[in-house]
Amino acid sequence: MTRKELFKNTLRKSVHAWKLINELPLSDDESLMLRHFMDQPGFLDLHWRMFVPAIKGQGTEEQKQKWLPLANKMQIIGCYAQTELGHGSNVQGLETTATFDPQTDQFILHSPTQTSSKWWPGGLGKVSTHAVIYARLITDGKDHGVHGFIVQLRNMDDHSPLPGITIGDIGVKFGNGAYNSMDNGFLMFDKFCIPRDQMLMRLSKVTREGKYVPSDVPRQLMYGTMVSVRQTIVSNASIAMARAVCIATRYSAVRRQFGSQNGGIETQVIDYKTQQNRLFPLLASAYAFRFVGEWLKWLYTDVTQRLEASDFATLPEAHACTAGLKSMTTSATSDGIEECRKLCGGHGYLWCSGLPELFAVYVPACTYEGDNVVLQLQVARFLMKTVSQLGSGKAPAGTTAYMGRAKHLLQCRSSIRKAEDWLNPAMVLETFEARALRMAVSCANNLSKFENQEQGFSELLADLVEAAIAHCQLIVVSKFIVKLEGEIKGKGVKNQLKNLCYIYALHLIHKHLGDFLSTNSITSEQASLANHQLRSLYTQVRPNAVALVDAFDYTDHYLGSVLGRYDGNVYPKLFEEALKDPLNDTVVPDGYHEYIRPLIKQHLRSARL
Ligand SMILES: CCCCCCCCCCCCCCCCCCCCCC(=O)SCCNC(=O)CCNC(=O)[C@H](O)C(C)(C)COP(=O)(O)OP(=O)(O)OC[C@H]1O[C@@H](n2cnc3c(N)ncnc32)[C@H](O)[C@@H]1OP(=O)(O)O
Ligand SMILES: Cc1cc2nc3c(=O)[nH]c(=O)nc-3n(C[C@H](O)[C@H](O)[C@H](O)COP(=O)(O)OP(=O)(O)OC[C@H]3O[C@@H](n4cnc5c(N)ncnc54)[C@H](O)[C@@H]3O)c2cc1C
């Protein structure tokens with residue numbers, strides 16, 4: 001499809017989905033499932049995942065009563081317009097202004113520079129009638145920082161932009177199809193007025209007289225919508241990883257190369273240890289991310305309930321966990337999809353493998369909802385704060401509770417003696433805890449050598465990100481272990497999940513061996529025992545690998561991959577797909593008479609001469 005066709009088709013699908021949701025009707029969970037099967041980014045994502053939650057989280061009761069019924073019935077369509085041409089990561093650096101005019105009781109929205117243009121918001125370019133806009137609030141010449149506003153963008157009769165608004169699509173993005181179904185947009189305000197009651201005022205207010213009443217709750221609640229979406233992105237990472245792994249695993253069982261003696265049957269590539277060493281940790285990651293996603297959903301629900309009761313104690317941890325896990329899982333999944341493409345050899349590069357499109361549509365997850373490095377630095381700040389409070393009497397809680405055992409973890413030596421010890425949950429956990437704590441403490445020690453903490457932080461950014469990743473990996477490993485210790489129906493299933501859990505943990509040890517050795521969390525002998533155990537786990541997973549991806553229960557239609565077909569009938573179907581290509585509509589291609597024939601004839605003439 002051309003971009004215009006793709007966009008229009010996405011509108012068609014979205015509206016059809018919305019109709020089904022209402023007619024059947026579907027529950028929230030079922031609607032989300034439908035969204036996954038629709039399998040295309042579109043304006044509904046931003047409306048439901050960001051616009052509605054922003055009003056719910058930051059609007060007053062009156063604002064919610066006014067706007068939510070309209071939004072819930074989709075009588076207005078909204079998006080989340082925060083990022084600008086000049087600033088995305090640095091939210092405090094946004095330039096759009098919202099100046100209160102006491103004469104008219106209105107805010108005047110203005111884009112003072114080109115870099116202040118809103119740039120990127122999904123659904124903004126062509127669809128949304130409304131947006132939550134983030135702009136600097138100015139009253140009486142004083143800048144109060146960034147706040148949210150509900151703004152109507154387009155005329156409800158003919159969809160034309162309202163006077164004072166310039167709006168459009170930012171152009172084609174990475175890949176053919178992929179995220180191009182979405183109208184990511186730009187927007188400029190030219191002294192555009194909105195009534196005062198359209199500032200989202202649950203947190204802070206501007207009175208009729210133009211007095212700014214600051215929030216008595218943490219101002220970071222304004223970032224709440226991002227926290228909520230980051231949490232869902234972790235579960236989505238599992239879905240995307242599982243999809244790529246399903247394709248690569250099934251195809252690896254079909255594909256044969258080498259190994260035949262005297263013309264006998266060749267080896268299935270899945271039997272090569274190198275293939276297993278690349279594939280099975282990704283299979284394990286798909287399961288690991290699912291379990292940590294379930295846990296994160298619980299954490300998010302818990303913090304939301306606490307916030308409603310004005311208990312802000314767990315907000316920093318919820319922020320650190322959502323930011324860190326969003327970052328870690330999306331980076332691993334993007335890399336994992338690309339690895340799956342390579343695991344499928346040349347055919348993985350074909351569009352009909354399903355992997356190029358999956359990669360193209362998935363990879364912006366490393367950037368949207370917070371650049372992955374910027375988010376790990378938030379985790380690092382949280383860790384440095386936690387380390388600095390050790391010994392102050394304030395015991396670390398939640399995912400940093402292990403830091404409360406700093407004295408032990410800083411000097412303990414791993415008691416792994418034989419390969420099987422690497423299947424001991426307590427020993428594995430302690431190894432990850434020791435590594436994470438030692439990396440964090442080492443950063444804190446290095447930071448303390450700087451007179452200026454901020455300067456020290458800037459100097460140590462790379463180390464801090466590594467410490468944050470180590471902490472996030474510990475969370476994923478620990479939640480996998482907790483899952484195993486809980487209720488799992490069927491001993492066989494439990495055994496398989498146990499194998500995957502330890503593959504996940506031991507492959508991380510192998511991958512980050514430098515961290516584990518340099519922090520003395522393990523010795524090189526213990527590292528080689530871990531490798532030995534890993535190989536043995538691969539052998540145990542091998543007979544069940546295809547069943548473990550079948551368990552994701554993806555239909556062929558959803559997978560959209562010739563290589564990942566359930567029936568394994570890959571080669572005839574590759575031919576079928578090839579023959580569908582428009583280039584094969586004619587035997588002699590368009591352009592033959594114009595370019596190829598004259599070229600060949602010229603050669604023939606010179607040959608005769
Ligand atoms: C079919 C029918 C369907 C129906 C149903 C359909 C349903 C649809 C279902 C769809 C399924 C698909 C779903 C996926 C869709 C995805 C679409 C994605 C679209 C993408 C959207 C976006 O892309 S949208 C823009 C995101 N843009 C960022 O992501 C900016 C990052 N940038 C920052 O987020 C800040 O700029 C940054 C760095 C924190 C610094 O913020 P700053 O400068 O203010 O602050 P500092 O760093 O100084 O931090 C000061 C203190 O605030 C603390 N703190 C900071 N953040 C906090 C927080 N969030 N919560 C609590 N606390 C926080 C921090 O920990 C410090 O705490 P302390 O003081 O105690 O140390
Ligand atoms: C597909 C897609 C959809 C999007 N949808 C929306 C939307 O609906 N609404 C919306 O408001 N926005 C949206 N965005 C914007 C998105 O949220 C931002 O692009 C994202 O937050 C990253 O910000 P940035 O582009 O400013 O990156 P930059 O911050 O400019 O990043 C560039 C580089 O600088 C590095 N960097 C930046 N700051 C630091 C630092 N402090 N320390 C170390 N390194 C740093 C980053 O790691 C990165 O390598 C979307 C983006 C994409 C790609």
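Whatever order the structure lists them in is the order used to number ligands and atoms, beginning at 1. Everything numeric here is computed off the predicted structure, so don't read it as measured data.
- If you look at Tyr80 next to ligand 1, the close heavy atoms, those under 4.0 Å, all belong to the side chain.
- Counting only N and O atoms by type, the side chains of Gln40 and Ser181 include no donor and acceptor under 3.5 Å apart.
- The aromatic rings of Phe107 and Phe149 stand perpendicular to each other, their planes meeting at an angle above 60°, with 30° marking the opposite boundary.
- Contacts of Asn372 with ligand 2, taken as heavy-atom pairs under 4.0 Å, are absent altogether.
- When each atom of ligand 2 is checked for a heavy atom of Glu369 under 4.0 Å away, the hits are 17 (O).
- Within a 4.0 Å radius of atom 41 (N) of ligand 2, the protein has no heavy atom.
- Looking at ligand 2, you'll find an N or O of Gln82 within less than 3.5 Å of one of its N or O atoms.
- Considering only non-hydrogen protein atoms, atom 8 (C) of ligand 1 sits nearest to Arg49 CG, 3.5 Å.
- Using a non-hydrogen distance threshold of 4.0 Å, Ser89 registers as a contact of ligand 1.
- Defined by atom type and a distance below 3.5 Å, a donor-acceptor pair is missing between the side-chain atoms of Ser215 and Arg202.
- In the vicinity of Leu44, heavy-atom distances shorter than 4.0 Å reach the ligand 1 atoms 1 (C), 2 (C).
- At a 4.0 Å heavy-atom cut-off, ligand 1 touches Val227 through the side chain alone.
- The protein reaches atom 20 (C) of ligand 2 closely, with a heavy atom under 4.0 angstrom from it.
- By heavy-atom distance, the residue among Met50, Gln82, His319 lying nearest atom 55 (C) of ligand 1 is His319.
- Remark: minimum distance from atom 43 (O) of ligand 1 to any protein heavy atom is reached at Gln92 CG, 3.5 Å.
- Using cut-offs of 30° and 60° for the angle between ring planes, the Tyr287 and Phe552 rings count as tilted.
- In this structure, atom 35 (C) of ligand 2 has its sub-4.0 angstrom surroundings free of protein heavy atoms.
- With a 6.0 Å cutoff to the six-membered ring centre and a 45° limit on the axis angle, Arg341 does not count as a cation-pi contact of Phe359.
- Of the candidates Met222, Met33, Gln220, the one placing a heavy atom closest to atom 50 (C) of ligand 1 is Gln220.
- Within the set Thr83, Asp45, Leu375, the minimum heavy-atom distance to atom 11 (O) of ligand 2 is found for Thr83.
- Residue contacts with ligand 1, taken as heavy atom pairs separated by less than 4.0 Å, involve Val374 solely via side-chain atoms from C-beta onward.
- Looking only at protein heavy atoms, the nearest one to atom 33 (C) of ligand 2 is Asp371 OD1, 4.9 Å.
- For the residues Gln378, Met182, Lys385, the heavy atom positioned nearest atom 49 (O) of ligand 1 is part of Gln378.
- There is no side-chain donor-acceptor pair under 3.5 Å between Gln152 and Thr129.
- Every atom of ligand 2 with a heavy atom of Val373 under 4.0 Å away is listed here by number and element: 47 (O).
- For atom 9 (N) of ligand 2, a protein heavy-atom neighbour is found at a distance under 4.0 Å.
- At least one protein heavy atom sits closer than 4.0 Å to atom 1 (C) of ligand 2.
- In this structure, the protein non-hydrogen atom closest to atom 37 (C) of ligand 2 is Val374 CG2, 3.7 Å.
- Protein heavy atom in closest approach to atom 17 (C) of ligand 1: Tyr179 OH, 4.2 Å.
- Per-atom contact check: atom 14 (N) of ligand 2 touches the protein, criterion being a heavy-atom distance below 4.0 Å.
- A donor-acceptor contact under 3.5 angstrom links the side chains of Gln473 and His512, judged on distance only.
- For the residues Tyr179, Tyr80, Trp120, the heavy atom positioned nearest atom 5 (N) of ligand 2 is part of Trp120.
- There is a protein heavy atom less than 4.0 angstrom from atom 52 (O) of ligand 1.
- For atom 57 (C) of ligand 1, a protein non-hydrogen atom is found at a distance below 4.0 Å.
- Any N or O atom pair closer than 3.5 Å counts here, and Gly370 shares at least one such pair with ligand 1.
- The nearest protein atom to atom 2 (C) of ligand 1, hydrogens excluded, is given as Ile21 CD1, 3.3 Å; this is a heavy-atom distance.
- Contacts with ligand 1 closer than 4.0 Å are made by no heavy atom of Asp371, backbone or side chain.
- Side-chain contact annotation: Asp190 with Thr166, donor-acceptor N/O pair under 3.5 Å absent.
- Ranking the protein heavy atoms by distance from atom 1 (C) of ligand 1 puts Ala17 CB, 3.5 Å first.
- Here is the list of ligand 1 atoms found below 4.0 Å of a heavy atom in Met38: 1 (C).
- Under a 4.0 Å heavy-atom criterion, Gly88 is in contact with ligand 1.
- Side-chain atoms of Gln220 and His319 include no donor-acceptor pair closer than 3.5 Å.
- Between Gly122 and ligand 2, at least one N/O pair is under 3.5 Å apart.
- Ranking protein heavy atoms by distance to atom 7 (C) of ligand 1, first place goes to Leu32 CD1, 3.7 Å.
- At under 3.5 Å, a nitrogen or oxygen of Gly88, whether backbone or side chain, sits near a nitrogen or oxygen of ligand 2.
- When heavy-atom distances to ligand 1 are checked against a 4.0 Å cut-off, Arg219 comes that close only through its side chain, counted from C-beta outward.
- Per-residue contacts place Thr367 under 4.0 angstrom from the following atoms of ligand 2 (heavy atoms of the residue considered): 19 (O), 20 (C), 21 (O), 22 (C).
- Looking at Tyr558 and Arg243, their side chains do bring a donor and an acceptor atom within 3.5 Å of each other.
- The Leu377 neighbourhood of ligand 2 comprises atoms 42 (N), 43 (C), with distances under 4.0 Å to a heavy atom of that residue.
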Phe51 vs His47, ring pair (Phe, Tyr, Trp, His ring centres under 6.0 Å): CA-CA, chis, key distance, verdict: CA-CA 5 Å; Phe51 179 70; His47 177 85; 5.7 Å; yes

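- By heavy-atom distance, the residue among Met226, His36, Arg35, Glu30 lying nearest atom 3 (C) of ligand 1 is Arg35.
- Annotation for ligand 2: atoms under 4.0 Å from non-hydrogen atoms of Asn184 are 3 (C), 4 (C), 5 (N).
- Only the side chain of Arg230 comes within 4.0 Å of ligand 1, judged by heavy-atom distances.
- Counting heavy atoms closer than 4.0 Å to ligand 1, residue Asn236 contributes side-chain atoms (C-beta onward) but none from N, CA, C or O.
- Protein heavy atoms are found inside the 4.0 Å sphere centred on atom 28 (P) of ligand 2.
- Between the side chains of Glu84 and Thr96, at least one donor-acceptor pair of N or O atoms lies under 3.5 Å.
- When non-hydrogen atoms are compared, ligand 1 lies under 4.0 Å from the backbone of Glu369 as well as from its side chain.
- Using a 4.0 Å cut-off to heavy atoms of Pro364, the atoms of ligand 2 that qualify are 1 (C).
- Here the CG atom belonging to Leu94 is positioned 12.5 Å from the NE2 atom belonging to His147, to the nearest 0.5 angstrom.
- Taking only non-hydrogen atoms, the option from Tyr223, Tyr368, Phe37, Phe382 nearest to atom 42 (P) of ligand 1 is Tyr223.
- Side-chain atoms of His144 and Thr139 include a donor-acceptor pair closer than 3.5 Å.
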